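Fair warning: this is a prediction, and the values are worked out from it, not measured in the lab.
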Amino acid sequence: MTYCVGLLLNAGMVFLSDTRTNAGVDNIATFRKQFVFCEPGERIIVIQTAGSLSVTQTVMAKLTEAIDEPDSAPEFSIMQAPSMLRVAEMVGQLLSDVTAEISAKVNRMSQSATASMIVGGQRKGGRERMFLLYPEGNFIEATEDTPYLQIGEHKYGKPILDRVVTPDTSLDDARKAALLSMDSTLRSNLSVGMPLDLLMLRRDECDIAEQTRIEAGDADFAAMSDAWSEALRTSFKNIP
């Protein structure tokens with residue numbers, strides 16, 4: 001399984017994903033689930049993936065191929081799309097097609113293959129947008145009422161986002177909230193694991209503001225996790 005979260009703020013965007021993939025307790029591996037396509041100053045697109053690796057890797061391979069050779073598949077070259085809405089439609093259609101194709105094969109063995117994605121970013125002259133794509137290719141968009149999206153094992157990390165994150169949240173506070181959301185998930189679900197991929201974008205820059213891989217044993221992440229645990233224990237004791 002996995003956990004990915006994206007936050008859409010007035011100041012920019014924050015994306016965070018884990019890298020653990022498992023097919024049983026004795027078959028655990030690490031795969032990147034966060035992908036960035038950037039033409040600095042012109043457009044930036046971030047895609048996070050959860051679900052069947054056979055689906056997500058096929059979709060990402062086809063998207064990358066279409067970008068590298070746009071004449072061979074112009075309908076899937078997301079770096080040529082006129083808007084982020086069109087990007088979501090293109091990726092959603094490809095996700096639906098690949099899901100159907102692979103599912104038809106694995107269904108013969110009574111298995112399933114599905115995936116979901118978070119797609120966000122901005123192009124020059126357009127506004128920043130973020131979408132959650134379902135296996136069928138349809139999607140929902142992050143809004144002011146719910147300025148974040150999650151895929152994978154989302155239930156453990158949702159409470160802090162509901163209580164803390166608003167469109168006016170600063171990028172630094174959003175970064176902290178995303179990391180603590182991930183920390184809660186790591187503590188409660190063994191199918192989510194480090195290292196973590198963190199990405200931050202500032203509004204209208206169409207470029208990467210921060211891109212970091214947080215490895216297991218990272219001192220800063222461990223200190224944040226310990227401080228959060230202590231704060232929760234203290235607050236719990238102080239409640240009458």
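Put simply, the side chain of I44 does not reach to within 4.5 Å of the side chain of F37, judged on heavy atoms. Side chains of I78 and V91 form a contact here, defined as non-hydrogen atoms less than 4.5 Å apart. A 4.5 Å side-chain heavy-atom check between S54 and I102 finds at least one atom pair inside the cut-off. When side chains are defined from C-beta on, F15 does not count as touching L198, because their heavy atoms never get closer than 4.5 Å. Between I47 and M60 the shortest side-chain heavy-atom distance falls below 4.5 Å. The shortest side-chain heavy-atom distance between R213 and R32 falls under the 4.5 Å cut-off. Taking 4.5 Å as the limit, some side-chain heavy atom of F221 sits within range of a side-chain heavy atom of L179.
Across L132 and Q150, no two heavy atoms sit closer than the pair CD1-O, 3.2 Å. Annotation for I118 and C4: closest pair CD1-O, 4.0 Å, computed over non-hydrogen atoms. The shortest non-hydrogen separation linking T56 to A50 is CG2-O, 4.0 Å. The two residues R129 and M13 make their nearest non-hydrogen contact at O-CE, 3.0 Å. Scanning both residues, G126 and D204, for their nearest heavy atoms gives O-OD1, 4.5 Å. Between T185 and G157, the shortest heavy-atom contact is OG1-N, 3.5 Å.
No hydrogens or angles considered: a donor-acceptor pair under 3.5 Å links the side chains of N189 and S191. Side-chain contact of Y3 with S181: a donor-acceptor pair under 3.5 Å is present, judged by distance alone. Residues T212 and E210 have side chains that bring a donor and an acceptor to within less than 3.5 angstrom of each other. Side-chain atoms of R175 and S170 include no donor-acceptor pair closer than 3.5 Å. No side-chain N or O of K33 forms a donor-acceptor pair with one of S17 less than 3.5 Å apart.
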- Do S225 and R187 pass the side-chain hydrogen bond (donor to acceptor under 3.5 Å, both in side chains) test, and can you show the C-alpha distance, the side-chain angles, and the key distance before you say yes or no? CA-CA 10 Å; S225 175; R187 285 175 173 267; 3.2 Å; yes
- Message: Please evaluate residues D172 and K176 with respect to the criterion salt bridge (Lys or Arg N to Asp or Glu O under 4.0 Å), reporting the C-alpha separation (whole Å), side-chain torsions for both, the decisive distance (0.1 Å), and the verdict.
- Response: CA-CA 6 Å; D172 286 342; K176 185 193 306 182; over 6 Å; no
- Task: Verify side-chain contact (heavy atoms from CB on, under 4.5 Å) between N238 and T234, making sure each step is shown before the conclusion.
- Result: CA-CA 6 Å; N238 290 336; T234 300; 3.6 Å; yes
- Query: Given K62 and E65, is the salt bridge (Lys or Arg N to Asp or Glu O under 4.0 Å) satisfied, shown in steps?
  - Reply: CA-CA 5 Å; K62 288 180 177 290; E65 182 180 58; 5.9 Å; no
- Task: Take K155 and E153 through the test salt bridge (Lys or Arg N to Asp or Glu O under 4.0 Å) and record every step on the way to the result.
- Result: CA-CA 6 Å; K155 54 185 175 291; E153 290 289 350; 3.0 Å; yes
- Query: How far apart are the C-alpha atoms of M194 and L186, what are their side-chain angles, what is the distance that settles it, and do they pass the side-chain contact (heavy atoms from CB on, under 4.5 Å) test?
  - Reply: CA-CA 8 Å; M194 300 181 81; L186 290 170; 4.0 Å; yes
- Hey, mind stepping through V192 and M182 against side-chain contact (heavy atoms from CB on, under 4.5 Å) and telling me if it holds? CA-CA 9 Å; V192 177; M182 180 65 74; 4.0 Å; yes
- Under the side-chain contact (heavy atoms from CB on, under 4.5 Å) rule, what do L16 and Q34 come out as? Steps first, then yes or no, please. CA-CA 8 Å; L16 182 65; Q34 185 182 98; 5.5 Å; no
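Under a hydrophobic-cluster definition in which Ile, Leu, Val, Met, Phe, Trp and Tyr are linked whenever side-chain heavy atoms come within less than 4.5 Å, directly or via other members, V87 and V46 are assigned to different clusters. If you chain together hydrophobic residues whose side chains sit under 4.5 Å apart, M117 and L94 fall into the same group. When hydrophobic clusters are built by joining Ile, Leu, Val, Met, Phe, Trp and Tyr residues whose side-chain heavy atoms come closer than 4.5 Å, directly or via intermediates, L180 is grouped together with L232. Side-chain heavy atoms closer than 4.5 Å link hydrophobic residues (I, L, V, M, F, W, Y) into clusters, and following such links, even through other members, never connects V36 to L95. Grouping the Ile, Leu, Val, Met, Phe, Trp and Tyr side chains by contacts below 4.5 angstrom, directly or via other members, places L149 apart from L9.
T21 contributes no side-chain N or O that, together with a main-chain N or O of T30, makes up a donor-acceptor pair within less than 3.5 Å. Without hydrogens or angle criteria, R20 side chain to L190 main chain gives a donor-acceptor distance under 3.5 Å. In this structure, S96 contributes its side chain and G137 its backbone to no donor-acceptor pair below 3.5 Å.
Here the CD atom belonging to Q48 is positioned 12.5 Å from the CG atom belonging to L133, to the nearest 0.5 angstrom. Between the OG1 atom of T169 and the CG atom of L161 there is a distance of 10.0 Å, given to the nearest 0.5 Å. For the atom pair OG1 of T146 and CG of L7, the computed distance is 11.5 Å after rounding to the nearest 0.5 Å. In this structure, CD1 in I151 is found 6.5 Å from OG1 in T49, a value given to the nearest 0.5 Å. To the nearest 0.5 Å, atoms CZ (F35) and CG (L199) are separated by 13.0 Å. Here the straight-line distance linking atom CE of M79 with atom CG of L63 works out to 11.5 Å at 0.5 Å rounding.
Around atom CD of E215, more than 12 heavy atoms belonging to other residues, nucleotides or ligands sit under 6.0 Å away.
With respect to the salt-bridge test (charged N to carboxylate O, under 4.0 angstrom), the residues R233 and E230 qualify. For R123 and E42, the salt-bridge test fails: no basic side-chain N is under 4.0 Å from an acidic carboxylate O.
For residues 137-184, every residue pair satisfying the ring-ring contact (aromatic ring centres under 6.0 Å, His included) rule, not counting sequence neighbours, is listed here: F131-F139.
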